[in-house]
Amino acid sequence: MSEFLKRLRRDPTEPRTYVSYDDFMKLLDKVRPITVRLPVSTVAKLDELQKQCPSVWGSRQELLFEMIESCVKDWIDAQPAQKGSARVFDDVARKALKRTPDE
C-alpha cells in the first residue's frame with residue numbers, strides 16, 4: 001500500500017511517524033509560498049479528491065503536502081539502500097529548516 005493511502009486511512013488518534021502539515025504551519029512556522037502551473041484537468045482531479053476526503057485534509061495545500069511527502073517516502077522505500085536514501089532527504093530537509101526565510 002502506498003504511503004498516501006496509509007496516511008489517508010490513518011485514524012486521527014493513531015500515533016504518526018511523520019511531521020504533518022499542521023506541524024509546519026503551527027509549530028515550526030516554516031512554510032513558504034510557491035507558484036505551480038498544473039493542467040486544468042489535474043486541478044479538477046485535485047479538487048474532486050479533496051471533496052471525496054473532506055475530513056482528512058483541510059486545504060489544498062495540505063493535500064498537496066501529503067501527496068509530495070508520500071511520494072518521496074514511497075520512492076525511498078523502493079530504493080535498495082533505503083536508509084542511505086532517507087538520510088539524503090533528511091539532510092536536505094534539515095538544512096532547509098535551518099535557513100532563514102530570506103534565503
Side-chain angles (χ1 to χ4, degrees):
M1 178 185 315
S2 75
E3 180 68 16
F4 186 74
L5 290 177
K6 287 178 192 174
R7 291 182 183 201
L8 171 67
R9 295 177 178 154
R10 184 185 146 273
D11 188 271
T13 60
E14 193 179 325
R16 56 184 159 78
T17 59
Y18 55 89
V19 179
S20 73
Y21 182 75
D22 278 346
D23 294 337
F24 281 105
M25 287 292 292
K26 294 176 182 170
L27 302 175
L28 300 171
D29 194 27
K30 290 285 190 174
V31 294
R32 74 172 223 208
I34 64 164
T35 301
V36 298
R37 293 181 184 273
L38 297 171
V40 294
S41 57
T42 302
V43 174
K45 290 175 187 176
L46 182 66
D47 291 342
E48 183 60 28
L49 182 58
Q50 193 171 358
K51 271 196 260 180
Q52 296 282 333
C53 312
S55 62
V56 180
W57 301 289
S59 67
R60 186 185 284 174
Q61 291 92 323
E62 185 176 3
L63 175 57
L64 286 169
F65 167 85
E66 292 293 345
M67 288 177 169
I68 294 166
E69 291 291 315
S70 296
C71 181
V72 170
K73 174 81 167 77
D74 286 343
W75 186 88
I76 290 169
D77 290 348
Q79 300 311 301
Q82 291 177 8
K83 288 186 180 186
S85 297
R87 193 174 313 112
V88 169
F89 282 90
D90 288 345
D91 289 347
V92 168
R94 218 172 276 111
K95 287 177 186 171
L97 287 170
K98 289 180 182 178
R99 289 188 201 124
T100 62
D102 299 345
E103 293 181 58

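Just so you know, these numbers use all the heavy atoms, side chains as well, and skip hydrogens, waters and symmetry mates. All values derive from a computational prediction rather than experimental measurement.
Each ring-ring contact (aromatic ring centres under 6.0 Å, His included) pair with one or both residues in residues 25-56, not counting sequence neighbours, would appear here, but there are none. Legend: ring-ring contact (aromatic ring centres under 6.0 Å, His included) pairs involving residues 26-56, not counting sequence neighbours: none detected. For residues 37-56, no residue pair satisfies the ring-ring contact (aromatic ring centres under 6.0 Å, His included) rule, not counting sequence neighbours. Evaluation of the salt bridge (charged side-chain N to carboxylate O under 4.0 Å, His left out) test over residues 36-53, restricted to residues two or more places apart or in two chains, returns Asp47-Arg60, Glu48-Lys51. Residue pairs meeting the salt bridge (charged side-chain N to carboxylate O under 4.0 Å, His left out) criterion with at least one partner in residues 9-19, sequence neighbours excluded, are Arg16-Asp23. Identified under the salt bridge (charged side-chain N to carboxylate O under 4.0 Å, His left out) test for residues 81-90, with sequence neighbours left out: none.
Listed here is the closest heavy atom pair of Leu8 and Cys53: CD1-SG, 3.7 Å. Nearest approach of Asp77 to Gln82, heavy atoms of both residues: O-NE2, 2.6 Å. Residues Met67 and Leu46 share a closest heavy-atom pair of CE-CD1, 3.8 Å.
Under the side chain to side chain contact (heavy atoms under 4.5 Å, CB included) criterion, Pro12 pairs with no residue at all, not counting sequence neighbours. Thr17 is linked by a side chain to side chain donor-acceptor pair (under 3.5 Å) to nothing, counting only residues two or more places apart in sequence or in another chain. Residues passing the side chain to side chain donor-acceptor pair (under 3.5 Å) test with Glu66 are Arg7, sequence neighbours excluded. Taking Phe65 as the reference, Tyr21, Phe24, Glu69 meet the side chain to side chain contact (heavy atoms under 4.5 Å, CB included) condition, with sequence neighbours excluded. With sequence neighbours excluded, no residue forms a side chain to side chain contact (heavy atoms under 4.5 Å, CB included) with Cys71. Evaluation of the side chain to side chain contact (heavy atoms under 4.5 Å, CB included) rule for Val88 yields no partner, not counting sequence neighbours.
No path of Ile, Leu, Val, Met, Phe, Trp and Tyr side chains, each step under 4.5 Å between heavy atoms, connects Val92 with Leu97, placing them in separate hydrophobic clusters. Residues Leu49 and Val40 are members of separate hydrophobic clusters, defined by side-chain heavy-atom contacts under 4.5 angstrom among Ile, Leu, Val, Met, Phe, Trp and Tyr.
Using modelled atom types, one side-chain atom of Asp74 and one backbone atom of Glu3 make a donor-acceptor pair closer than 3.5 Å. A donor-acceptor pair is defined here as one N or O able to donate and one able to accept, closer than 3.5 Å; no such pair exists between the side chain of Thr42 and the backbone of Leu38.
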Phe4/Lys73 under side chain to side chain contact (heavy atoms under 4.5 Å, CB included): CA gap, chis, key distance, verdict: CA-CA 9 Å; Phe4 186 74; Lys73 174 81 167 77; over 6 Å; no
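Proximity of Trp57 to Leu64: side-chain heavy atoms (C-beta onward) are nowhere separated by under 4.5 Å.
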